[in-house]
Participant: 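My questions will all concern the structure given below.
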Amino acid sequence: MSKKHEEVMELAKRRGFIWPSFEIYGGVAGFYDFGPLGALLKNKIIQKWREFYVVREGFFEIDSPSIVPEEVLKASGHVEHFVDAMVECQKCGAAFRVADLAREQAGKDIEGMPKEEMDRFFKKHKVRCPDCGGELGKIFDFNAMFRTAIGPGSQRVGYLRPETAQGIFIDFKRLQRHARGKLPFGVVQIGKGYRNEISPRQGIIRLREFTMAEAEVFFDPGDPHHPRFSELAGEQLRLWLAKDQEKGKEQLTEVTVEQAVKEKLVCNEFMAYYLALTKRFLLDLGIPNEVIRFREQTPGQRAHYSSETWDAEVSTERFGWVEIAGIAYRTDYDLSRHAQFSGEDLTIFSADKKRKVLCHVVEPSYGIDRPLYCALEHAYVQEKKRKYFRLKKDLAPIEVGVFPLLNRAGMPEKAREVYGNLKLKGFMAEYNDAGSIGRRYARADEIGVPYCVTIDYETLKQNDVTIRHRDTTKQIRVDIEKLPDVLKKLLNDEIEFDKAGKPIETTSK
RNA sequence: GCGGCAGUAGUCUAGCUUGGUUAUGACACGAGCUUGCCAAGCUCGCGACGCGGGUUCGAAUCCCGCCUGCCGCACCA
């Protein structure tokens, strides 16, 4: 049992980052709420992701429904691959798709049959375990999508989306027009996805409802060159190749992005580019390089739509290597399926306008909840006297704490004034005058507040304040008029702490 | 989903074996006092037996079901 995980979760729970959902009704496994600080943190992670993919990559962001009619997910292959009735052998424990066994042993297609009927059908046809001949257990749904009915009456079948990607593929015709027919172009969607896990157990790592951020990059399969490949070509990647995994070798292959493509370890520039971008994103969340690796999925592990997939994994104390993002080469699978099922022509003109092509897709797909946990775990610091989240400044839910040194001589009033001004300037600030100054610093550290401003006797005389740095507990003095500007520069890493004001010595008891 | 163990204030915890006063303590939190910089101190206060049923005169304590968590198995497209 990992002590760190327990401490991180205890702190996260106590201070309002993460709570089990539906607690007063006993809770439901696989669901977590983000409390006030957790919601702020999550939004900052999402915002950072937007900066990477929407601002810098220039991808279009859309927002489509999370309830999806059945035809879409039939076309995408999810109905076939997600909603399987399963049965387990009671003797050897092997699990099988009910539909497969019925076809093999009774020669009948029972897809869509109610479970009770399937049970009767299995008894009637004496279906046994194909591996050991053992008795089979009760039939159960596994890993199903959440099913629902759209509207009354006819009850059109719908599902809660298992991924946001389909919303993008569905809109392809309008999106490519929005891109004015130019290739490549990318589209992203950030939103909830749903997977009805059988027994989610790893806390926030395996949720039944989770936030995902997905990008679909459309390109001409005849021209798989990323226009800005050179920008990331030199980035180092640590790859765990499928062939090494199959041989049971733990060894990682360290190459540059450029080498990865040249040596055909990664199938094309788009895939390699987004591996590198994913690495940069994780580093930017404060996750150290040593705990990041890219694992190539073996053919058996890959989803039905993918011909090559790399998982970005982060090592955690509690859960080992955790998949944070998947970079999948979806080929033209989705577009061709939707073209086929909808009857729409989804081909477009190639860059040279000489050919009609069906775009290929590379998909960097991220969970948001998992990196949030990883960022917390890797930010958690236990020092002699204090334990706190050393969150990156641009992730900290509260940016600045404002405290009066003492509750007398007009200090609280002055502190509230400073606090009010900082809020007006857009800072996520918190005022606290409870207990002693030391307690306030400790409470602020705990939730990762990078800077604390203290109003003391000097403030009242010379209109300046101290700023305290979370990581070093060092302090500087800064004029109140300059405070917002200095804080902004500090938070943006534009200035060094020691040079942002006059360093001061404090006398502690 | 199967088997084993567990669940007491915001957090940690005593009590459970052997049923019986107003459920223990600490920390945290709030108010007041105090306090010249890193969880100081004093006073007061808030706050819990996971949910439901059963046994019993009486249940935190014994029994059953459910929920949740942990461990193992299975599952994780």
Side-chain angles (χ1 to χ4, degrees), chain A residues 1-2 5-7 9-16 19-31 35 73 76-84 86-90 92-97 137-145 162-163 195-203 205-208 297 300-306 309 318 322-323 326 328 383-388 401 403-409 411 432-446 452-460 465-466 468-470 472-475 504-509:
Chain A
M1 204 43 235
S2 149
H5 170 257
E6 281 175 18
E7 286 175 11
M9 287 311 290
E10 188 271 323
L11 179 48
K13 221 158 80 176
R14 186 159 48 78
R15 296 303 307 271
W19 294 323
S21 295
F22 316 115
E23 249 186 323
I24 66 168
Y25 288 101
V28 181
F31 295 94
L73 295 164
S76 71
H78 286 89
V79 168
E80 192 188 330
H81 289 90
F82 255 85
V83 205
D84 293 332
M86 296 287 294
V87 69
E88 208 172 287
C89 172
Q90 299 193 307
C92 70
F96 304 94
R97 287 186 65 208
K138 256 194 108 134
I139 290 169
F140 61 96
D141 281 330
F142 100 105
N143 196 28
M145 292 188 285
E163 58 173 11
R195 297 177 190 185
N196 202 357
E197 302 278 355
I198 297 172
S199 63
R201 231 192 245 176
Q202 302 160 67
I205 295 299
R206 231 169 116 206
L207 297 171
R208 287 184 163 129
Q297 289 190 2
Q301 294 166 334
R302 282 199 300 263
H304 60 277
Y305 48 69
S306 173
T309 298
R318 173 68 180 81
V322 172
E323 177 197 343
E383 289 172 358
K384 268 169 251 146
K385 284 192 72 182
R386 52 183 197 147
K387 50 186 182 186
Y388 63 104
F403 315 139
L405 178 64
L406 295 168
N407 286 317
R408 63 157 75 136
M411 282 183 250
N432 188 358
D433 62 10
S436 65
I437 187 71
R439 178 187 298 266
R440 291 171 218 151
Y441 287 146
R443 281 181 52 82
D445 286 343
E446 210 172 45
C452 289
V453 168
T454 298
I455 279 68
D456 56 17
Y457 283 105
E458 275 73 50
T459 307
L460 305 174
V465 295
T466 66
R468 169 189 176 273
H469 186 214
R470 175 193 67 199
T472 61
T473 77
K474 283 186 185 166
Q475 288 180 294
I504 54 166
E505 292 292 322
T506 51
T507 49
S508 51
K509 276 193 262 190

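For clarity, every value in this text was computed on a predicted model and none was experimentally measured. Residue numbers begin at 1 in each chain, while the letters A, B, ... track the order of the sequences.
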Participant: If I pick the C1' atom on U8(B) and the same atom on G50(B), what distance separates them, to the nearest angstrom?
Facilitator: 10 Å
Participant: Working note: R14(A) + E10(A), criterion salt bridge (Lys or Arg N to Asp or Glu O under 4.0 Å); need CA distance, chi angles, decisive distance, verdict.
Facilitator: CA-CA 6 Å; R14(A) 186 159 48 78; E10(A) 188 271 323; 2.7 Å; yes
Participant: Could you give the CD-to-C1' distance, from E23(A) to U68(B), as a whole number of Å?
Facilitator: 10 Å
Participant: Measure the distance from NE2 on H5(A) to P on C71(B) and round it to the nearest whole Å.
Facilitator: 9 Å
Participant: Can you see if the side chain of R443(A) gets near the phosphate of C29(B) - specifically, an N or O under 4.0 Å from OP1 or OP2?
Facilitator: yes
Participant: Indicate, yes or no, whether a donor-acceptor pair under 3.5 Å links the base of G36(B) to the side chain of R408(A).
Facilitator: no
Participant: Does any part of the side chain of F403(A), heavy atoms only, come nearer than 4.5 Å to the side chain of R439(A), both counted from C-beta?
Facilitator: no
Participant: I'd like to know if E458(A) reaches the base of G36(B) with its side chain such that a donor and an acceptor end up less than 3.5 angstrom apart.
Facilitator: yes
Participant: H304(A) side chain: which of C37(B), G30(B), A77(B) is closest?
Facilitator: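 Within the option list, the nearest is A77(B).
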Participant: Which of these nucleotides, G36(B), C71(B), U68(B), is closest to any side-chain atom of A29(A)?
Facilitator: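 Nearest to the side-chain atoms of A29(A), counting from C-beta on, is U68(B).
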Participant: Take R208(A) and R201(A), find for each the nucleotide of RNA chain B with the closest heavy atom, and name the residue whose nucleotide sits nearer the 5' end.
Facilitator: R208(A)
Participant: Any idea which of G36(B), U34(B), C76(B) is nearest the N407(A) side chain?
Facilitator: U34(B)
Participant: Between C1' on C67(B) and CD1 on I24(A), what's the gap in Å once rounded to a whole number?
Facilitator: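 Rounding to the nearest Å, CD1 of I24(A) and C1' of C67(B) are 14 Å apart.
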Participant: Just checking E163(A): base, sugar-phosphate only, or nothing, at a heavy-atom cut-off of under 4.0 Å?
Facilitator: nothing
Participant: To the nearest 0.5 Å, how far apart are CG in L11(A) and OH in Y388(A)?
Facilitator: 12.5 Å
Participant: Rounded to whole angstrom, note down the P distance from A6(B) over to U17(B).
Facilitator: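 These two P atoms come out 14 Å apart once rounded.
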Participant: With P as the reference atom in both, quote the distance from U56(B) to G3(B) in angstrom, rounded to an integer.
Facilitator: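 Going atom to atom, P in each nucleotide, I get 29 Å.
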Participant: Starting at CG of L11(A) and ending at C1' of C27(B), how long is that distance when rounded to a whole Å?
Facilitator: 14 Å
Participant: Nearest to the side chain of Y457(A), which nucleotide is it out of C37(B), C76(B), G36(B)?
Facilitator: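 From the listed options, G36(B) comes nearest.
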Participant: Please name all residues satisfying side chain to side chain contact (heavy atoms under 4.5 Å, CB included) with M9(A), sequence neighbours left out, ordered by chain then number.
Facilitator: H5(A), I18(A), Y373(A)
Participant: Please measure how far the C1' atom in U11(B) lies from the corresponding atom in C46(B), and state the result in whole Å.
Facilitator: 15 Å
Participant: Are any side-chain N or O atoms of R195(A) and backbone N or O atoms of M145(A), one a donor and one an acceptor, separated by less than 3.5 Å?
Facilitator: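 Absent.
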Participant: Given that V28(A) and R14(A) both sit by RNA chain B, which one's nearest nucleotide is further toward the 5' end?
Facilitator: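 It is R14(A), whose closest nucleotide lies nearer the 5' terminus.
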Participant: Would you state whether a donor and an acceptor, one from the side chain of Y441(A) and one from the base of C37(B), lie under 3.5 Å apart?
Facilitator: yes
Participant: Using a 3.5 Å limit on both pairing distances, list the dot-bracket string of RNA chain B from the 5' end; Watson-Crick and G-U wobble pairs count, crossing pairs take [ ], interstrand pairs take |.
Facilitator: (((((((..(((.......[....))).(((((.......)))))....(((((..]....))))))))))))....
Participant: Select base, sugar-phosphate, or nothing to describe what E446(A) touches, counting heavy atoms under 4.0 Å on all strands.
Facilitator: base
Participant: Under 6.0 Å from the ring centre and within 45 degrees of the ring axis: does the NZ or CZ of R468(A) meet both conditions for the six-membered ring of Y441(A)?
Facilitator: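 Judged by the rule (NZ or CZ under 6.0 Å from the ring centre, within 45° of its axis), R468(A) counts as positioned above Y441(A).
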Participant: Would you check if T473(A) and R386(A) make a side-chain contact, meaning some heavy-atom pair closer than 4.5 Å?
Facilitator: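 Yes, side chains in contact.
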Participant: Does the side chain of T466(A) come within less than 4.5 Å of V453(A)'s, by heavy atoms?
Facilitator: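 They are not in contact (no side-chain heavy atoms under 4.5 Å apart), so the answer is no.
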Participant: Please state how far atom CD1 in I437(A) lies from atom P in A39(B), giving the value in whole angstrom units.
Facilitator: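 That distance rounds to 11 Å.
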Participant: Does any N or O in the side chain of D456(A) come within less than 3.5 Å of the main-chain N or O of V465(A), such that one atom is a donor and the other an acceptor?
Facilitator: no
Participant: Taking the same atom, P, in G19(B) and in C57(B), what whole-Å distance lies between them?
Facilitator: 15 Å
Participant: Round to a whole Å and report the spacing from CZ of R386(A) to P of A39(B).
Facilitator: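 Rounded to whole Å, this separation is 10 Å.
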Participant: Between E446(A) and R15(A), is the salt bridge (Lys or Arg N to Asp or Glu O under 4.0 Å) condition met? List the steps.
Facilitator: CA-CA 8 Å; E446(A) 210 172 45; R15(A) 296 303 307 271; 2.8 Å; yes
Participant: Measure distances between side-chain N and O atoms of E10(A) and base N and O atoms of C12(B), and say whether any donor-acceptor pair falls under 3.5 Å.
Facilitator: no
Participant: Going through the checks in order, is the salt bridge (Lys or Arg N to Asp or Glu O under 4.0 Å) test met by E197(A) and R206(A)?
Facilitator: CA-CA 8 Å; E197(A) 302 278 355; R206(A) 231 169 116 206; 3.0 Å; yes
Participant: For R468(A), report the nucleic acid contact type (base, sugar-phosphate, nothing); a contact means any heavy atom under 4.0 Å.
Facilitator: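 Answer is base: heavy atoms of R468(A) come under 4.0 Å of a base.
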Participant: Using atom C1' in both nucleotides, what's the gap between A59(B) and G20(B) to the nearest angstrom?
Facilitator: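 Straight-line distance between the two C1' atoms is 10 Å.
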Participant: What is the distance, to the nearest angstrom, from the NZ atom on K13(A) to the P atom on G7(B)?
Facilitator: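 It works out to 15 Å between those atoms.
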Participant: Mind telling me whether H78(A) and H304(A) have parallel, tilted or perpendicular rings, with 30° and 60° as the class edges?
Facilitator: perpendicular
Participant: Using the P atom in both, what is the distance from G54(B) to C12(B), to the nearest Å?
Facilitator: 31 Å
Participant: Which is true for D445(A) with a 4.0 Å heavy-atom rule: it touches a base, it touches only sugar-phosphate, or it touches nothing?
Facilitator: nothing
Participant: Would you say A39(B) has OP1 or OP2 under 4.0 Å from some side-chain N or O of S436(A)?
Facilitator: no
Participant: What is the distance, rounded to the nearest whole Å, between atom CD of Q202(A) and atom C1' of C75(B)?
Facilitator: 11 Å
Participant: Taking the same atom, C1', in G25(B) and in C63(B), what whole-Å distance lies between them?
Facilitator: 31 Å
Participant: Reckon R15(A) touches a base, only the sugar-phosphate, or nothing at all at heavy-atom distances under 4.0 Å?
Facilitator: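 Here R15(A) touches no strand at all.
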Participant: Using a cutoff of under 3.5 Å, can you pull out all pairs of nitrogen or oxygen atoms linking the protein to nucleotides 41-46 of chain B, with atom names and distances?
Facilitator:
none

